[in-house]
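Down below is the structure, laid out as structure tokens.
Values below: every heavy atom of this structure, side chains too, minus hydrogens, waters and symmetry copies. The sequence lines fix the lettering, A, B, ..., with proteins before strands; numbering per chain opens at 1.
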Number of protein chains: 2
Amino acid sequence: MTRDTPQQRRRQLPTTEELRIWRDFIETTEALRSVLTSRLQSESALSPGDYSVLLALSEARDERMRSSELAAHIRWDRSRLSHHLGRMEKRALIRRDDCATDNRGAEIVLTPTGAEAFHRATVPHLRAVRELFVDALTPDQLATTGEVAATLRAHLRSSRDM
Amino acid sequence: MTRDTPQQRRRQLPTTEELRIWRDFIETTEALRSVLTSRLQSESALSPGDYSVLLALSEARDERMRSSELAAHIRWDRSRLSHHLGRMEKRALIRRDDCATDNRGAEIVLTPTGAEAFHRATVPHLRAVRELFVDALTPDQLATTGEVAATLRAHLRSSRDM
DNA sequence: GGCACATAATTGACATGTCAACCAGATGGG
DNA sequence: CCCATCTGGTTGACATGTCAATTATGTGCC
């Protein structure tokens with residue numbers, strides 16, 4: 001057993017047990033993400049990024065959205081989105097149209113190919129989420145996990161604004 | 001309120017509420033990782049990858065470790081590790097020595113520069129973990145989070161082995 | 001010894017992410 | 001009208017991650 005240092009006892013640093021939980025938490029979410037990513041990849045040839053973009057577009061009015069709006073919606077910065085859209089456009093999953101009301105702007109449009117790929121991906125993906133996340137937990141655990149996520153998010157926001 | 005589809009009622013797919021929790025969970029862990037990463041970066045000029053490697057090496061006997069051992073320890077595949085070590089070696093954070101007992105092998109050695117960088121990084125990083133994760137949660141929530149992580153991990157392992 | 005096979009690690013090609021610099025079109029004040 | 005400034009979006013450079021192929025060495029078996 002490792003003894004906590006004096007600093008840790010004064011609670012400036014996590015205790016050994018807190019640190020163990022942290023590492024467990026972060027590694028587990030990493031592993032979960034990685035399994036879901038590889039399933040999505042092998043079942044639909046889509047990356048999680050592709051999936052987010054296609055999901056947002058397929059829920060958008062007319063299956064089209066201004067680029068910055070899309071970025072805000074999925075919480076990406078514009079540069080990341082622009083690079084990703086470039087790759088998706090090459091695969092014909094989306095198209096960039098000029099924007100009628102702002103000559104600088106771009107409208108990102110879901111193509112039939114993109115819509116088709118998204119529809120093929122969605123059920124298997126949701127099933128995987130169910131199998132690997134929802135079904136693994138008791139209803140209580142699931143509810144607490146939701147609360148924990150909300151709490152962490154609120155805490156993050158407040159510490160960012162300071 | 002969206003009504004769940006018949007499929008969802010038959011519990012093949014997550015319900016709307018379950019899906020909300022899932023998205024909240026995954027986005028929150030993403031946000032948390034990203035904030036911690038940028039703090040680590042700005043305080044120590046180290047990436048999370050650098051930190052993992054340096055942590056493992058600094059805990060290793062003689063501050064050195066065989067490459068595959070290191071990879072297994074931090075759960076990376078060897079290719080990823082090899083690329084990363086190449087970048088770290090350029091920055092003199094680690095060194096690759098030939099292995100005395102296996103001519104194919106490499107011993108990864110912590111350099112003084114690497115040790116110094118790690119020591120500068122560790123306290124601020126742990127403080128950030130405490131501030132952004134541990135302190136945000138009640139002791140109960142923290143304990144449950146640990147259990148959830150363990151449960152998810154076990155479930156993942158069992159579904160991978162099938 | 002020598003060959004089939006396993007193992008350690010690296011490499012190359014490519015997808016993804018971040019950051020800062022950039023370009024062009026809007027916009028508001030003089 | 002004109003310039004300063006803001007905004008929408010792209011680009012380039014580079015860090016990181018994944019996958020498959022490659023190189024070199026060890027190991028067991030005849």
Open item on the list: Using a 4.0 Å heavy-atom cut-off to protein, can you give one letter per nucleotide of nucleotides 19-28 of chain C, 5' to 3': B if the base is in contact, S if only the sugar-phosphate is, - if neither?
Closed with: BB---BBS--
Please report, rounded to the nearest Å, how far the [atom2] atom of [N] is from the [atom1] atom of [X].
X     : N      : atom1 : atom2 : answer
A/L81 : C/dT18 : CG    : P     : 12 Å
A/M88 : C/dA15 : CE    : C1'   : 13 Å
B/W76 : D/dC19 : CH2   : P     : 15 Å
B/H84 : C/dT10 : NE2   : P     : 14 Å
A/R66 : D/dT7  : CZ    : C1'   : 10 Å
A/Q41 : C/dA15 : CD    : P     : 11 Å
B/R33 : D/dT16 : CZ    : P     : 15 Å
B/L46 : D/dT16 : CG    : P     : 10 Å

Open item on the list: Can you confirm whether B/S67 sits close enough to B/L85 that some side-chain heavy atom of one is under 4.5 Å from a side-chain heavy atom of the other?
Closed with: yes
- [ ] Indicate, with a heavy-atom threshold strictly under 4.0 Å, whether A/S82 touches base, sugar-phosphate, or nothing.
- [x] base
- [ ] Indicate, with a heavy-atom threshold strictly under 4.0 Å, whether A/R87 touches base, sugar-phosphate, or nothing.
- [x] base
Task: Donor on one side chain, acceptor on other, B/S44 and B/R120, under 3.5 Å - done: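 Per modelled atom types, B/S44 and B/R120 side chains form no pair under 3.5 Å.
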Open item on the list: Looking only at side-chain N and O atoms, does A/T111 offer a donor or acceptor that is under 3.5 Å from a partner on A/R95?
Closed with: no
Task: Distance test, side-chain N/O of A/R96 to OP1/OP2 of D/dT10, below 4.0 Å - done: yes
Task: Nearest to side-chain heavy atoms of A/R78, which nucleotide of D/dG8, D/dT16, C/dT10 - done: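 When the side chain of A/R78 is considered, D/dG8 is the closest of D/dG8, D/dT16, C/dT10.
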- [ ] Can you sort out the partners of A/D77 under side chain to side chain donor-acceptor pair (under 3.5 Å), two or more places apart, ordered by chain and number?
- [x]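 Checked A/D77 against side chain to side chain donor-acceptor pair (under 3.5 Å); zero matches.
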TODO: Could you label the plane-to-plane angle of the A/H125 and A/Y51 rings as parallel, tilted or perpendicular, counting under 30° as parallel and over 60° as perpendicular?
DONE: tilted
TODO: Mind telling me whether B/H84 and B/W76 have parallel, tilted or perpendicular rings, with 30° and 60° as the class edges?
DONE: perpendicular
Open item on the list: Please give me the minimum heavy-atom distance between A/L132 and B/L152, naming the atom from each residue.
Closed with: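 Taking every non-hydrogen atom into account, O-CD2, 3.6 Å.
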Task: Close residues, residues 47-57 of chain B, relative to DNA chain C [heavy-atom separation under 4.0 Å] - done: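 Within this stretch, nothing sits under 4.0 Å of the strand.
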- [ ] Output yes when A/R96 and A/E107 qualify as a salt bridge under the 4.0 Å nitrogen-oxygen rule, no when they do not.
- [x]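 Salt bridge: no.
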Open item on the list: Keeping A/H155 on the side-chain end and B/E131 on the backbone end, is there a donor-acceptor pair under 3.5 Å?
Closed with: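 The answer is yes, because a donor-acceptor pair under 3.5 Å joins these two groups.
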Task: Along DNA chain C (nearest heavy atom to each residue), the more 5'-positioned of B/A106 and A/K90 - done: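 Its nucleotide being nearer the 5' end, the pick is B/A106.
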